[in-house]
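In what follows, a structure is listed as structure tokens, so that the remarks can point back to it.
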Amino acid sequence: MDLKYFEQWVLKEFSIDLSAYKSNQLHRRILTLMSRVGANSVEEYITMLKSSSEQKQKFLDYITINVTEFYRNPEIFKELNNFIKENLAYNKPLKIWSAACSIGAEPYSIAMMLKEISPSVRHRIIATDIDNTILRRAKDGIYLASDIKNVPSYQLDKFFIKKDDKFQIKDEIKEMVTFKKHDLILEGYESNFDIIICRNVVIYFTNEIKEKMYEKFSNSLNKGGLFFIGATESIYNYKKYNFEKLSTFIYKKN
């Protein structure tokens with residue numbers, strides 16, 4: 001099965017560079033998805049993706065790993081909260097980037113955290129993802145009970161409006177976050193960030209792509225800025241990127 005041809009088609013059609021992903025893992029995911037929808041060849045699957053917006057979205061969701069929730073790994077978020085207080089001048093506006101933000105649970109979690117640390121300061125949070133459909137959901141800010149299970153009850157009352165069986169994030173939190181489409185592989189990175197959050201994304205890429213991304217993340221951080229990664233990740237050669245390890249999943253730029 002010509003998966004290389006499929007990778008080239010996806011790059012041209014969706015501007016997603018699948019060659020950056022670990023190939024064995026990626027190919028298993030593609031073949032699993034093809035099997036689920038009954039496609040017997042790459043050509044047949046491409047025809048499905050061209051003709052069905054539903055299949056196209058299923059593919060994008062499956063490939064771009066849209067798995068997230070508020071305060072994912074709550075104990076690590078508590079660590080981040082402490083390190084922000086210890087290392088950053090949070091009484092002044094901070095510039096924060098939530099990379100590969102998915103449905104917005106992560107940047108809104110950071111927004112709620114900062115609202116409590118420094119309620120009168122207007123921090124700037126930029127949240128990016130490669131998937132426009134996911135970004136639209138993030139901007140809407142409407143969540144299921146499963147998405148907000150780690151949110152303390154007092155924050156649910158303070159920052160959400162319950163609508164039937166769903167939860168709408170309040171405007172005071174929504175206004176703190178700007179959502180943008182961005183490709184971590186193919187596009188440049190903004191600079192002068194005080195905090196960058198990129199969790200459970202880099203693990204899917206090849207070592208060569210990982211190294212390039214860590215270098216760009218480091219260049220985008222201010223000196224003393226914090227880099228927050230996922231609970232399944234580790235940067236083994238972190239000193240190469242001018243990082244100091246504050247805890248297992250939080251680094252500081254020297």
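- With hydrogens and angles ignored, the 3.5 Å screen pairs a side-chain donor or acceptor of K174 with a backbone N or O of K139.
- No side-chain donor-acceptor contact under 3.5 Å links D157 to the backbone of Y154.
- Within a 6.0 Å radius of CD in E86, other residues, nucleotides and ligands contribute more than 12 heavy atoms.
- Using a 4.0 Å cut-off between charged side-chain N and carboxylate O, E190 and K95 make a salt bridge.
- Atom CG of residue L226 and atom CD1 of residue I84 lie 6.5 Å apart, to the nearest 0.5 angstrom.
- When side chains are defined from C-beta on, K245 counts as touching S234, because their heavy atoms get closer than 4.5 Å.
- Using modelled atom types, one side-chain atom of E187 and one backbone atom of D183 make a donor-acceptor pair closer than 3.5 Å.
- Across every non-hydrogen atom of G224 and L88, the tightest pair is O-CD2, 3.7 Å.
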Practice problem: Could you give me the CA-CA distance, side-chain angles and deciding distance for I235 and E233, then say whether side chain to side chain contact (heavy atoms under 4.5 Å, CB included) is met? | Solution: CA-CA 7 Å; I235 307 174; E233 299 172 75; over 6 Å; no
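- A donor-acceptor pair under 3.5 Å is absent between the side-chain atoms of D164 and the main chain of K166, judged by distance alone.
- Atom CD1 of I46 is separated from atom CH2 of W9 by 5.5 Å, given to the nearest 0.5 angstrom.
- Under 4.0 Å is where a charged nitrogen must lie from a carboxylate oxygen, and between K149 and E69 at least one such pair does.
- Ring pair F227/Y214 is perpendicular by interplanar angle, where above 60° counts as perpendicular and below 30° as parallel.
- Cluster annotation: L144 and I134 are assigned to distinct hydrophobic clusters (Ile/Leu/Val/Met/Phe/Trp/Tyr, side-chain heavy-atom contacts under 4.5 Å, transitive).
- Separation of atoms CD1 (I110) and CG (L80) is listed at 5.0 Å; rounding is to 0.5 Å.
- No more than 12 heavy atoms of other residues, nucleotides or ligands lie within 6.0 Å of NZ in K239, so this atom counts as exposed by the packing criterion.
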Practice problem: Give the intermediate values and the outcome of side chain to side chain donor-acceptor pair (under 3.5 Å) for residues N254 and K223. | Solution: CA-CA 6 Å; N254 289 321; K223 188 175 180 180; over 6 Å; no
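- Atom CD1 of I197 is separated from atom OG of S98 by 5.0 Å, given to the nearest 0.5 angstrom.
- A donor-acceptor pair is defined here as one N or O able to donate and one able to accept, closer than 3.5 Å; no such pair exists between the side chain of S118 and the backbone of V121.
- Residues N81 and K85 approach most closely at OD1-CE, 3.0 Å, considering heavy atoms.
- Ring geometry for Y143 against Y108 counts as perpendicular: the plane angle is over 60°, on a 0 to 90° scale with 30° as the lower cut.
- Inter-residue side-chain proximity for N150 and F70 is flagged as unmet; no heavy-atom pair is nearer than 4.5 Å.
- F159 and I142 end up in different hydrophobic clusters when Ile, Leu, Val, Met, Phe, Trp and Tyr side chains are linked at under 4.5 Å.
- No donor-acceptor distance shorter than 3.5 angstrom exists from the side chain of S52 to the backbone of M48, with no hydrogens or angles considered.
- In this structure, K210 fails the cation-pi test against F205, since its NZ or CZ atom is not both closer than 6.0 Å to the six-membered ring centre and inside 45 degrees of the ring normal.
- Side chains of F193 and I96 form no contact here, defined as non-hydrogen atoms less than 4.5 Å apart.
- Nearest heavy atom pair, residue C101 against residue D129, reads N-OD2, 3.4 Å.
- Formation of a donor-acceptor pair under 3.5 Å by the Y189 side chain with backbone atoms of S218 is not found in this model.
- Ring geometry for F59 against Y45 counts as perpendicular: the plane angle is over 60°, on a 0 to 90° scale with 30° as the lower cut.
- The minimum heavy-atom distance linking A127 with V177 is given by the pair CB-CG1, 3.8 Å.
- Under 4.0 Å is where a charged nitrogen must lie from a carboxylate oxygen, and between K216 and E211 no such pair does.
- In summary, the side chains of N222 and K253 do not present any donor paired with an acceptor at a separation below 3.5 Å, with no hydrogens or angles considered.
- Of all heavy-atom pairs spanning N200 and G230, the tightest one is OD1-CA, 3.5 Å.
- Geometric assessment of R199 against the ring of F228 yields a positive cation-pi assignment under the 6.0 Å and 45° thresholds.
- Minimum interatomic distance between F179 and A138 (heavy atoms only, all atoms of both residues): CE2-CB, 3.5 Å.
- Rounded to the nearest 0.5 Å, atoms CD1 (I196) and CG (L221) are 3.5 Å apart.
- Within the model, atoms CE of M176 and CZ of R124 stand 13.0 Å from one another, a figure rounded to the nearest 0.5 Å.
- A donor-acceptor pair under 3.5 Å links the side-chain atoms of H123 to the main chain of L94, judged by distance alone.
- The shortest side-chain heavy-atom distance between I185 and M213 falls under the 4.5 Å cut-off.
- A salt bridge links E116 to K158: one of the charged nitrogens lies within less than 4.0 Å of a carboxylate oxygen.
- Counting non-hydrogen atoms of neighbouring residues, nucleotides and ligands closer than 6.0 angstrom, the NZ atom of K115 exceeds 12 such neighbours.
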Quiz item: Please walk me through it: do S220 and W97 pass side chain to side chain donor-acceptor pair (under 3.5 Å)?
Solution: CA-CA 10 Å; S220 293; W97 179 18; over 6 Å; no
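- Looking at heavy atoms from C-beta onward, I161 lies out of side-chain contact with I169 at the 4.5 angstrom threshold.
- Ring geometry, F77 versus Y71: the interplanar angle exceeds 60°, so the pair is classed perpendicular (tilted spans 30 to 60°).
- Side chain of S109 to main chain of A105: a donor-acceptor pair is present (N/O by atom type, distance under 3.5 Å, no hydrogens or angles).
- Checking side-chain atoms of Q168 against main-chain N and O of D140 turns up a donor-acceptor pair under 3.5 Å.
- For the pair F243 and I250, the minimum side-chain heavy-atom distance is 4.5 Å or more.
- With contacts defined as side-chain heavy-atom distances shorter than 4.5 Å, the pair K181/T128 does not qualify.
- Counting heavy atoms from C-beta outward, E7 and L11 have side chains that stay 4.5 Å or more apart.
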